[in-house]
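Let me begin by presenting the structure, written as C-alpha coordinates, before commenting on it.
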Amino acid sequence: MALATTRTARDPSLIGSLWRSTVGKKAVMAGTGLIMLAYLVAHMLGNLKVFFGAGEFNRYGHWIRTIGEPFLHHMWFLWLARVVLTASVVLHGVSAYQLSRRDLAARPAKYRHSRRRSSYATRTMRWGGVILALFIIWHILDLTTLTVNPNHQEGHPYQNLVASFDRWYVSAFYIAAMLALGLHIRHGFWSAAQTLGANSPRRDRALKAMANLLAAVLTCGFIAVPVGVLTGVVS
Amino acid sequence: MKLTLRIWRQRNADEPGAMTPYEVTGISEDMSFLEMLDQLNERLILEGEEPVAFDHDCREGICGACGMVINGQAHGPERTTTCQLHMRHFADGDTIDVEPWRAAAFPVVKDLVVDRSAFDRVIGAGGYISVPTGSAPEAHATPVPKPVADLAFEHAECIGCGACVAACPNGSAMLFTSAKVVHLNVLPQGAPERESRVRGMVEAMDAEGFGGCTNTGECAVACPKGIPLTSIGRMNREYLRAVVKGTPSGGR
(Lines give C-alpha, C1' and ligand atoms only; values in the text may rest on other atoms or scores of the structure.)
Protein backbone atom coordinates (compact mmCIF):
# COMPACT_ATOMS: atom_id res chain seq x y z
CA MET A 1 0.00 0.00 0.00
CA ALA A 2 1.26 3.43 -0.81
CA LEU A 3 0.12 6.63 0.82
CA ALA A 4 0.59 9.92 -0.92
CA THR A 5 1.71 12.70 1.36
CA THR A 6 0.94 16.22 0.23
CA ARG A 7 3.29 18.99 1.01
CA THR A 8 1.49 21.59 3.04
CA ALA A 9 4.38 23.85 3.94
CA ARG A 10 4.70 26.79 1.57
CA ASP A 11 8.03 27.33 -0.07
CA PRO A 12 9.78 30.05 1.90
CA SER A 13 10.95 33.07 -0.05
CA LEU A 14 14.59 33.23 -1.01
CA ILE A 15 15.38 36.68 0.37
CA GLY A 16 13.39 36.17 3.58
CA SER A 17 15.07 32.84 4.28
CA LEU A 18 18.51 34.30 3.73
CA TRP A 19 17.88 37.32 5.91
CA ARG A 20 16.43 35.27 8.77
CA SER A 21 19.30 32.80 9.15
CA THR A 22 22.80 33.54 10.42
CA VAL A 23 24.30 31.70 7.46
CA GLY A 24 22.16 33.62 4.97
CA LYS A 25 22.83 37.00 6.54
CA LYS A 26 26.52 36.26 6.50
CA ALA A 27 26.17 35.42 2.80
CA VAL A 28 24.63 38.87 2.28
CA MET A 29 27.69 40.35 4.01
CA ALA A 30 29.99 38.28 1.82
CA GLY A 31 28.20 39.24 -1.41
CA THR A 32 28.08 42.96 -0.64
CA GLY A 33 31.69 42.82 0.55
CA LEU A 34 32.80 41.35 -2.75
CA ILE A 35 30.89 44.02 -4.69
CA MET A 36 32.69 46.71 -2.68
CA LEU A 37 36.01 44.94 -3.11
CA ALA A 38 35.59 44.84 -6.90
CA TYR A 39 34.80 48.56 -6.84
CA LEU A 40 37.88 49.26 -4.70
CA VAL A 41 40.17 47.53 -7.20
CA ALA A 42 38.84 49.78 -10.00
CA HIS A 43 38.96 52.85 -7.71
CA MET A 44 42.57 52.19 -6.71
CA LEU A 45 43.72 51.69 -10.31
CA GLY A 46 41.95 54.90 -11.31
CA ASN A 47 43.57 56.79 -8.45
CA LEU A 48 47.03 55.88 -9.71
CA LYS A 49 46.40 58.08 -12.77
CA VAL A 50 47.15 60.96 -10.44
CA PHE A 51 50.86 60.21 -11.05
CA PHE A 52 50.43 61.05 -14.76
CA GLY A 53 49.56 64.67 -14.04
CA ALA A 54 46.57 66.94 -13.63
CA GLY A 55 45.36 66.77 -17.25
CA GLU A 56 45.29 63.00 -17.39
CA PHE A 57 43.62 62.64 -13.97
CA ASN A 58 40.95 65.27 -14.62
CA ARG A 59 40.20 63.73 -18.02
CA TYR A 60 39.76 60.37 -16.30
CA GLY A 61 37.44 62.02 -13.75
CA HIS A 62 35.38 63.43 -16.59
CA TRP A 63 35.29 60.10 -18.45
CA ILE A 64 33.70 58.39 -15.43
CA ARG A 65 30.68 60.67 -15.95
CA THR A 66 30.38 59.66 -19.58
CA ILE A 67 30.60 55.86 -19.26
CA GLY A 68 27.86 54.12 -21.20
CA GLU A 69 27.00 57.11 -23.39
CA PRO A 70 25.12 57.37 -25.64
CA PHE A 71 23.18 54.30 -24.43
CA LEU A 72 23.11 55.73 -20.92
CA HIS A 73 22.44 59.36 -20.23
CA HIS A 74 25.23 61.58 -18.85
CA MET A 75 26.28 60.43 -15.35
CA TRP A 76 23.77 57.57 -15.25
CA PHE A 77 26.46 54.94 -14.90
CA LEU A 78 28.01 56.90 -12.05
CA TRP A 79 24.68 57.14 -10.25
CA LEU A 80 23.99 53.47 -10.86
CA ALA A 81 27.32 52.64 -9.25
CA ARG A 82 26.56 54.98 -6.36
CA VAL A 83 23.19 53.32 -5.73
CA VAL A 84 24.68 49.81 -5.82
CA LEU A 85 27.52 50.84 -3.51
CA THR A 86 25.26 52.62 -1.05
CA ALA A 87 22.98 49.58 -0.91
CA SER A 88 26.02 47.36 -0.39
CA VAL A 89 27.41 49.49 2.44
CA VAL A 90 24.03 49.63 4.18
CA LEU A 91 23.31 45.90 3.83
CA HIS A 92 26.86 45.03 4.88
CA GLY A 93 26.67 47.28 7.93
CA VAL A 94 23.17 46.27 9.03
CA SER A 95 24.01 42.56 8.69
CA ALA A 96 27.24 43.07 10.62
CA TYR A 97 25.44 44.94 13.38
CA GLN A 98 22.66 42.36 13.72
CA LEU A 99 25.03 39.39 13.61
CA SER A 100 27.42 41.02 16.10
CA ARG A 101 24.58 41.69 18.54
CA ARG A 102 23.60 38.04 18.27
CA ASP A 103 27.18 36.79 18.63
CA LEU A 104 27.82 38.85 21.76
CA ALA A 105 24.58 37.59 23.32
CA ALA A 106 25.49 33.99 22.50
CA ARG A 107 28.62 34.17 24.62
CA PRO A 108 27.70 36.17 27.73
CA ALA A 109 30.47 34.98 30.08
CA LYS A 110 34.19 35.32 29.47
CA TYR A 111 36.86 32.83 30.49
CA ARG A 112 39.55 33.69 33.04
CA HIS A 113 42.30 33.26 30.48
CA SER A 114 41.62 35.13 27.31
CA ARG A 115 43.74 33.28 24.82
CA ARG A 116 44.06 35.06 21.53
CA ARG A 117 44.85 32.73 18.72
CA SER A 118 42.96 34.36 15.88
CA SER A 119 44.81 36.96 13.84
CA TYR A 120 44.76 40.70 14.46
CA ALA A 121 42.77 41.17 11.24
CA THR A 122 40.10 38.75 12.46
CA ARG A 123 39.80 40.36 15.86
CA THR A 124 39.49 43.89 14.50
CA MET A 125 36.79 43.27 11.90
CA ARG A 126 34.03 44.98 13.91
CA TRP A 127 35.87 48.15 14.97
CA GLY A 128 37.74 48.21 11.68
CA GLY A 129 34.38 48.28 9.96
CA VAL A 130 33.23 51.20 12.11
CA ILE A 131 36.43 53.12 11.23
CA LEU A 132 35.84 52.43 7.54
CA ALA A 133 32.20 53.61 7.77
CA LEU A 134 33.34 56.89 9.35
CA PHE A 135 36.07 57.19 6.74
CA ILE A 136 33.58 56.73 3.88
CA ILE A 137 31.46 59.61 5.25
CA TRP A 138 34.52 61.88 5.49
CA HIS A 139 35.81 60.78 2.11
CA ILE A 140 32.54 61.65 0.34
CA LEU A 141 32.30 65.03 2.10
CA ASP A 142 35.93 65.75 1.21
CA LEU A 143 36.30 64.63 -2.40
CA THR A 144 32.80 64.01 -3.81
CA THR A 145 30.57 66.75 -2.43
CA LEU A 146 33.68 68.87 -1.64
CA THR A 147 31.86 70.18 1.47
CA VAL A 148 34.99 70.05 3.63
CA ASN A 149 37.50 70.45 0.80
CA PRO A 150 39.71 73.56 1.02
CA ASN A 151 39.91 73.93 -2.78
CA HIS A 152 36.26 73.16 -3.58
CA GLN A 153 36.53 73.39 -7.37
CA GLU A 154 34.02 71.17 -9.11
CA GLY A 155 35.41 69.44 -12.19
CA HIS A 156 39.00 69.72 -10.95
CA PRO A 157 39.48 66.51 -8.96
CA TYR A 158 43.29 66.70 -9.19
CA GLN A 159 43.47 70.13 -7.58
CA ASN A 160 40.90 69.17 -4.92
CA LEU A 161 42.82 66.01 -4.10
CA VAL A 162 46.16 67.79 -3.73
CA ALA A 163 44.60 70.55 -1.62
CA SER A 164 43.02 67.97 0.69
CA PHE A 165 46.09 65.78 1.15
CA ASP A 166 48.31 68.81 1.69
CA ARG A 167 46.80 68.90 5.19
CA TRP A 168 48.95 66.34 7.04
CA TYR A 169 46.15 65.26 9.38
CA VAL A 170 43.88 64.41 6.45
CA SER A 171 46.63 62.29 4.93
CA ALA A 172 47.28 60.64 8.30
CA PHE A 173 43.59 59.75 8.72
CA TYR A 174 43.46 58.50 5.14
CA ILE A 175 46.53 56.28 5.62
CA ALA A 176 45.17 54.91 8.92
CA ALA A 177 41.85 54.13 7.26
CA MET A 178 43.63 52.36 4.38
CA LEU A 179 45.56 50.21 6.86
CA ALA A 180 42.25 49.32 8.48
CA LEU A 181 40.93 48.53 4.99
CA GLY A 182 43.85 46.20 4.33
CA LEU A 183 43.20 44.30 7.56
CA HIS A 184 39.48 44.17 6.78
CA ILE A 185 40.13 42.68 3.34
CA ARG A 186 42.76 40.28 4.65
CA HIS A 187 40.16 38.50 6.78
CA GLY A 188 37.13 39.50 4.74
CA PHE A 189 38.06 38.08 1.35
CA TRP A 190 38.88 34.61 2.66
CA SER A 191 35.91 34.74 5.02
CA ALA A 192 33.60 35.64 2.13
CA ALA A 193 34.85 32.66 0.16
CA GLN A 194 34.20 30.44 3.17
CA THR A 195 30.74 31.95 3.72
CA LEU A 196 29.72 31.51 0.10
CA GLY A 197 30.93 27.92 0.18
CA ALA A 198 33.76 28.46 -2.29
CA ASN A 199 36.41 27.28 0.16
CA SER A 200 37.72 23.72 0.27
CA PRO A 201 40.78 22.06 1.80
CA ARG A 202 42.45 22.27 -1.61
CA ARG A 203 41.72 25.96 -2.17
CA ASP A 204 42.19 27.18 1.41
CA ARG A 205 45.83 28.24 1.09
CA ALA A 206 45.35 29.84 -2.32
CA LEU A 207 42.38 31.87 -1.03
CA LYS A 208 44.35 33.06 2.00
CA ALA A 209 47.27 34.05 -0.22
CA MET A 210 44.87 35.86 -2.55
CA ALA A 211 43.36 37.72 0.43
CA ASN A 212 46.82 38.82 1.58
CA LEU A 213 47.75 39.91 -1.93
CA LEU A 214 44.55 41.91 -2.43
CA ALA A 215 44.96 43.54 0.98
CA ALA A 216 48.59 44.49 0.32
CA VAL A 217 48.04 45.75 -3.23
CA LEU A 218 44.95 47.81 -2.37
CA THR A 219 46.51 49.32 0.75
CA CYS A 220 49.74 50.25 -1.02
CA GLY A 221 47.90 51.52 -4.10
CA PHE A 222 45.63 53.80 -2.08
CA ILE A 223 48.35 55.02 0.28
CA ALA A 224 50.60 55.92 -2.65
CA VAL A 225 48.40 58.96 -3.41
CA PRO A 226 48.67 60.84 -0.07
CA VAL A 227 52.32 59.81 0.19
CA GLY A 228 52.83 61.24 -3.30
CA VAL A 229 51.22 64.54 -2.27
CA LEU A 230 53.12 64.77 1.02
CA THR A 231 56.47 64.08 -0.66
CA GLY A 232 55.75 66.54 -3.44
CA VAL A 233 55.71 63.97 -6.24
CA VAL A 234 52.10 64.99 -6.84
CA SER A 235 51.51 68.71 -6.53
CA MET B 1 52.78 16.71 41.80
CA LYS B 2 51.22 19.47 43.82
CA LEU B 3 48.74 21.74 42.10
CA THR B 4 46.46 24.65 42.85
CA LEU B 5 43.10 24.31 41.12
CA ARG B 6 40.66 27.14 40.72
CA ILE B 7 37.37 25.50 39.89
CA TRP B 8 34.04 27.08 38.96
CA ARG B 9 31.58 26.08 41.68
CA GLN B 10 27.91 26.76 41.12
CA ARG B 11 25.26 25.02 43.21
CA ASN B 12 22.55 25.12 40.54
CA ALA B 13 21.41 26.96 37.44
CA ASP B 14 19.82 29.80 39.38
CA GLU B 15 22.51 30.66 41.91
CA PRO B 16 25.61 32.62 40.94
CA GLY B 17 28.88 30.68 40.82
CA ALA B 18 32.47 31.57 41.65
CA MET B 19 35.99 30.31 41.10
CA THR B 20 37.01 28.37 44.24
CA PRO B 21 40.63 27.43 44.98
CA TYR B 22 41.65 23.88 45.95
CA GLU B 23 45.10 22.49 46.73
CA VAL B 24 45.71 18.97 45.47
CA THR B 25 48.78 16.89 46.34
CA GLY B 26 50.10 13.48 45.39
CA ILE B 27 49.08 13.78 41.74
CA SER B 28 50.77 11.30 39.42
CA GLU B 29 51.85 12.41 35.94
CA ASP B 30 50.12 9.36 34.53
CA MET B 31 46.70 10.35 35.85
CA SER B 32 44.17 11.76 33.46
CA PHE B 33 42.70 15.14 34.26
CA LEU B 34 39.46 13.47 35.33
CA GLU B 35 41.30 11.03 37.62
CA MET B 36 42.95 14.02 39.23
CA LEU B 37 39.48 15.52 39.81
CA ASP B 38 38.29 12.13 41.13
CA GLN B 39 41.06 12.28 43.72
CA LEU B 40 40.00 15.78 44.73
CA ASN B 41 36.37 14.66 44.97
CA GLU B 42 37.23 11.68 47.18
CA ARG B 43 38.92 14.06 49.57
CA LEU B 44 36.01 16.52 49.44
CA ILE B 45 33.55 13.71 50.24
CA LEU B 46 35.66 12.60 53.23
CA GLU B 47 35.76 16.20 54.43
CA GLY B 48 31.98 16.35 54.15
CA GLU B 49 32.01 18.82 51.28
CA GLU B 50 30.04 18.69 48.05
CA PRO B 51 32.18 17.03 45.33
CA VAL B 52 32.84 18.90 42.07
CA ALA B 53 30.21 17.89 39.50
CA PHE B 54 31.49 17.15 35.99
CA ASP B 55 30.28 15.10 33.03
CA HIS B 56 32.13 11.94 32.04
CA ASP B 57 31.34 8.56 30.60
CA CYS B 58 33.62 6.38 28.47
CA ARG B 59 36.93 7.95 29.53
CA GLU B 60 38.35 6.69 26.23
CA GLY B 61 37.95 9.91 24.28
CA ILE B 62 35.13 8.65 22.09
CA CYS B 63 31.82 9.49 23.78
CA GLY B 64 31.95 13.26 24.00
CA ALA B 65 30.51 13.43 27.52
CA CYS B 66 33.42 15.11 29.27
CA GLY B 67 34.49 18.62 28.65
CA MET B 68 35.74 21.58 30.62
CA VAL B 69 37.70 24.68 29.84
CA ILE B 70 41.18 24.34 31.31
CA ASN B 71 43.27 27.51 31.44
CA GLY B 72 41.03 29.09 28.82
CA GLN B 73 41.26 26.17 26.39
CA ALA B 74 38.43 23.74 25.73
CA HIS B 75 39.66 20.28 26.83
CA GLY B 76 42.96 21.83 27.95
CA PRO B 77 46.33 22.20 26.25
CA GLU B 78 46.33 18.98 24.20
CA ARG B 79 44.21 18.21 21.16
CA THR B 80 42.14 15.54 22.86
CA THR B 81 39.21 15.16 25.21
CA THR B 82 39.58 16.03 28.90
CA CYS B 83 39.51 12.35 29.89
CA GLN B 84 42.51 11.68 27.64
CA LEU B 85 44.45 14.70 28.85
CA HIS B 86 47.20 13.55 31.18
CA MET B 87 48.72 15.43 34.07
CA ARG B 88 52.19 15.16 32.51
CA HIS B 89 51.21 18.17 30.40
CA PHE B 90 51.23 20.30 33.55
CA ALA B 91 54.17 21.24 35.78
CA ASP B 92 54.49 20.74 39.51
CA GLY B 93 53.19 23.79 41.33
CA ASP B 94 50.96 25.00 38.48
CA THR B 95 47.77 26.90 39.09
CA ILE B 96 45.03 25.59 36.81
CA ASP B 97 41.73 27.34 36.09
CA VAL B 98 38.85 24.96 35.39
CA GLU B 99 35.61 26.39 34.02
CA PRO B 100 32.49 24.99 32.36
CA TRP B 101 31.71 25.46 28.63
CA ARG B 102 30.50 29.04 28.29
CA ALA B 103 27.68 29.71 25.84
CA ALA B 104 24.16 31.08 26.11
CA ALA B 105 22.87 27.89 24.48
CA PHE B 106 24.70 25.72 27.06
CA PRO B 107 23.37 26.84 30.47
CA VAL B 108 25.32 25.64 33.51
CA VAL B 109 23.46 22.90 35.40
CA LYS B 110 25.94 22.57 38.25
CA ASP B 111 29.67 23.29 38.67
CA LEU B 112 31.27 22.09 35.43
CA VAL B 113 28.17 20.40 34.02
CA VAL B 114 26.33 22.22 31.23
CA ASP B 115 23.10 21.35 29.45
CA ARG B 116 24.03 20.39 25.89
CA SER B 117 20.56 19.24 24.86
CA ALA B 118 20.51 22.06 22.29
CA PHE B 119 22.76 19.77 20.21
CA ASP B 120 20.15 17.01 20.40
CA ARG B 121 17.51 19.35 19.05
CA VAL B 122 19.80 20.38 16.18
CA ILE B 123 20.27 16.70 15.34
CA GLY B 124 16.51 16.16 15.61
CA ALA B 125 15.99 18.83 12.96
CA GLY B 126 17.69 16.81 10.23
CA GLY B 127 20.76 14.94 11.48
CA TYR B 128 19.44 11.54 10.41
CA ILE B 129 18.50 9.60 7.29
CA SER B 130 15.01 8.20 6.79
CA VAL B 131 15.35 4.53 5.90
CA PRO B 132 12.75 1.81 5.65
CA THR B 133 13.10 -0.60 8.53
CA GLY B 134 13.16 -4.33 7.91
CA SER B 135 15.84 -6.61 6.63
CA ALA B 136 19.32 -5.18 6.23
CA PRO B 137 20.03 -3.96 2.68
CA GLU B 138 22.55 -5.77 0.54
CA ALA B 139 25.96 -4.26 1.33
CA HIS B 140 26.92 -3.53 -2.28
CA ALA B 141 23.54 -2.16 -3.34
CA THR B 142 24.69 1.44 -2.81
CA PRO B 143 28.27 1.97 -3.94
CA VAL B 144 30.13 4.79 -2.19
CA PRO B 145 33.39 6.01 -3.78
CA LYS B 146 36.37 5.80 -1.43
CA PRO B 147 37.08 9.58 -1.28
CA VAL B 148 33.42 10.20 -0.41
CA ALA B 149 33.47 7.52 2.26
CA ASP B 150 36.65 9.04 3.71
CA LEU B 151 35.13 12.52 3.75
CA ALA B 152 31.94 11.28 5.40
CA PHE B 153 33.94 9.36 7.99
CA GLU B 154 36.15 12.34 8.77
CA HIS B 155 33.00 14.24 9.71
CA ALA B 156 31.29 11.28 11.38
CA GLU B 157 34.14 11.42 13.90
CA CYS B 158 32.43 14.36 15.64
CA ILE B 159 31.48 13.22 19.15
CA GLY B 160 29.29 16.24 19.91
CA CYS B 161 31.31 17.29 22.96
CA GLY B 162 30.68 20.99 22.38
CA ALA B 163 34.30 22.13 22.53
CA CYS B 164 33.72 24.09 19.30
CA VAL B 165 30.94 26.10 20.92
CA ALA B 166 33.00 26.61 24.08
CA ALA B 167 36.02 27.85 22.13
CA CYS B 168 34.10 30.11 19.75
CA PRO B 169 34.05 33.79 20.78
CA ASN B 170 30.48 33.88 19.41
CA GLY B 171 29.27 30.67 21.06
CA SER B 172 28.54 29.35 17.58
CA ALA B 173 27.67 25.73 16.79
CA MET B 174 28.69 25.95 13.14
CA LEU B 175 31.49 23.37 13.32
CA PHE B 176 29.27 20.81 15.08
CA THR B 177 26.36 21.37 12.69
CA SER B 178 28.62 21.32 9.64
CA ALA B 179 30.20 18.04 10.73
CA LYS B 180 26.77 16.43 10.90
CA VAL B 181 25.52 18.01 7.67
CA VAL B 182 28.61 17.12 5.66
CA HIS B 183 28.73 13.59 7.06
CA LEU B 184 25.25 12.78 5.76
CA ASN B 185 25.00 15.11 2.75
CA VAL B 186 27.98 13.65 0.88
CA LEU B 187 26.66 10.07 1.12
CA PRO B 188 24.09 8.62 -1.29
CA GLN B 189 22.05 7.51 1.73
CA GLY B 190 21.72 11.14 2.78
CA ALA B 191 20.87 12.50 -0.67
CA PRO B 192 17.02 12.38 -0.49
CA GLU B 193 17.01 14.77 2.48
CA ARG B 194 20.04 16.76 1.41
CA GLU B 195 18.32 20.16 1.22
CA SER B 196 15.76 19.82 4.00
CA ARG B 197 18.47 18.52 6.35
CA VAL B 198 20.79 21.50 6.07
CA ARG B 199 17.95 24.01 6.24
CA GLY B 200 16.36 22.35 9.23
CA MET B 201 19.60 22.03 11.14
CA VAL B 202 20.73 25.60 10.47
CA GLU B 203 17.31 26.92 11.52
CA ALA B 204 17.38 24.81 14.69
CA MET B 205 20.91 26.00 15.44
CA ASP B 206 19.81 29.63 15.13
CA ALA B 207 16.69 29.00 17.22
CA GLU B 208 18.79 27.58 20.07
CA GLY B 209 20.58 30.90 20.48
CA PHE B 210 23.99 29.90 19.16
CA GLY B 211 25.95 32.76 17.62
CA GLY B 212 26.96 33.09 13.97
CA CYS B 213 30.29 32.21 12.42
CA THR B 214 32.94 34.90 12.04
CA ASN B 215 35.53 32.46 10.72
CA THR B 216 37.96 32.95 13.59
CA GLY B 217 38.93 29.27 13.42
CA GLU B 218 38.96 28.79 17.20
CA CYS B 219 36.53 25.84 16.90
CA ALA B 220 38.72 23.79 14.59
CA VAL B 221 41.72 24.35 16.88
CA ALA B 222 39.77 23.14 19.91
CA CYS B 223 38.07 20.17 18.23
CA PRO B 224 39.46 16.95 19.76
CA LYS B 225 38.51 15.06 16.60
CA GLY B 226 40.10 17.46 14.13
CA ILE B 227 36.98 18.44 12.19
CA PRO B 228 38.42 20.97 9.70
CA LEU B 229 37.29 24.59 9.42
CA THR B 230 36.57 24.06 5.72
CA SER B 231 33.57 21.93 6.78
CA ILE B 232 31.80 25.14 7.66
CA GLY B 233 32.40 26.37 4.10
CA ARG B 234 30.98 23.13 2.79
CA MET B 235 27.86 23.49 4.94
CA ASN B 236 27.44 27.11 3.82
CA ARG B 237 27.45 25.88 0.23
CA GLU B 238 24.89 23.19 1.04
CA TYR B 239 22.71 25.74 2.81
CA LEU B 240 22.82 28.34 0.04
CA ARG B 241 22.14 25.64 -2.54
CA ALA B 242 19.08 24.47 -0.58
CA VAL B 243 17.77 28.00 -0.17
CA VAL B 244 18.19 28.76 -3.87
CA LYS B 245 16.37 25.52 -4.72
CA GLY B 246 13.60 26.61 -2.36
CA THR B 247 13.31 23.30 -0.52
CA PRO B 248 11.58 23.81 2.83
CA SER B 249 13.38 22.74 6.00
CA GLY B 250 13.05 19.23 7.35
CA GLY B 251 12.50 18.05 10.88
CA ARG B 252 9.31 16.65 12.25
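Chain letters run A, B, ... following the sequence lines, proteins first, then strands; residues in each count from 1. None of these values were measured; they are calculated from a predicted model.
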Please find the pair of heavy atoms, one from [X] and one from [Y], that lie closest to each other, and give the distance.
X	Y	result
V243(B)	S17(A)	CG1-CB, 4.1 Å
R102(A)	M205(B)	NH2-O, 4.3 Å
D206(B)	S21(A)	OD2-CA, 3.2 Å
G211(B)	A106(A)	N-CB, 3.3 Å
Q194(A)	L229(B)	NE2-O, 2.8 Å

Among residues at least two apart in sequence or on other chains, which ones pass ring pair (Phe, Tyr, Trp, His ring centres under 6.0 Å) with W76(A)? H73(A)

Sorted by chain and number, sequence neighbours left out, ring pair (Phe, Tyr, Trp, His ring centres under 6.0 Å) with Y111(A) holds for none

Go through the atoms of [X] and report whether side chain, backbone, both or neither lie under 4.5 Å from a heavy atom of chain B.
X	answer
T122(A)	side chain
A105(A)	backbone
R202(A)	neither
K110(A)	backbone
D204(A)	side chain
A27(A)	side chain

Within a 6.0 Å radius of atom [atom1] on [X], are there more than 12 heavy atoms belonging to other residues, nucleotides or ligands?
X	atom1	result
F77(A)	CZ	no
R101(A)	CZ	no
R11(B)	CZ	no
F51(A)	CZ	yes
I15(A)	CD1	no
R9(B)	CZ	yes
W138(A)	CH2	yes

Out of [options], which one racks up the most heavy-atom pairs below 4.5 Å with chain A?
options	result
C213(B), G217(B), S231(B), A167(B)	C213(B)
I232(B), V202(B), V69(B)	V69(B)
A166(B), A207(B), P228(B)	A166(B)

Can you tell me which portion of [X] sits under 4.5 Å from chain A's heavy atoms? Options are side chain, backbone, both or neither.
X	answer
T214(B)	both
V244(B)	both
Y239(B)	side chain

Can you tell me how far apart [atom1] ([X]) and [atom2] ([Y]) are? Round to the nearest 0.5 Å.
X	Y	atom1	atom2	answer
T230(B)	L207(A)	OG1	CG	11.0 Å
R107(A)	F106(B)	CZ	CZ	11.5 Å
T195(A)	R237(B)	OG1	CZ	13.0 Å

Identify which of M29(A), R203(A), M125(A), R112(A) forms the greatest number of heavy-atom pairs closer than 4.5 Å to chain B. R112(A)

For chain A, which residues of residues 168-178 of chain B have at least one non-hydrogen atom nearer than 4.5 Å to it? C168(B), P169(B), N170(B), G171(B), M174(B)

Are there residues of residues 94-105 of chain B that reach to under 4.5 Å of chain A by heavy atoms, and which ones? D97(B), E99(B), P100(B), W101(B), R102(B), A103(B), A104(B)

I would like to know whether N236(B) and L196(A) meet side-chain contact (heavy atoms from CB on, under 4.5 Å); could you show each step before the answer? CA-CA 6 Å; N236(B) 288 336; L196(A) 295 174; over 6 Å; no

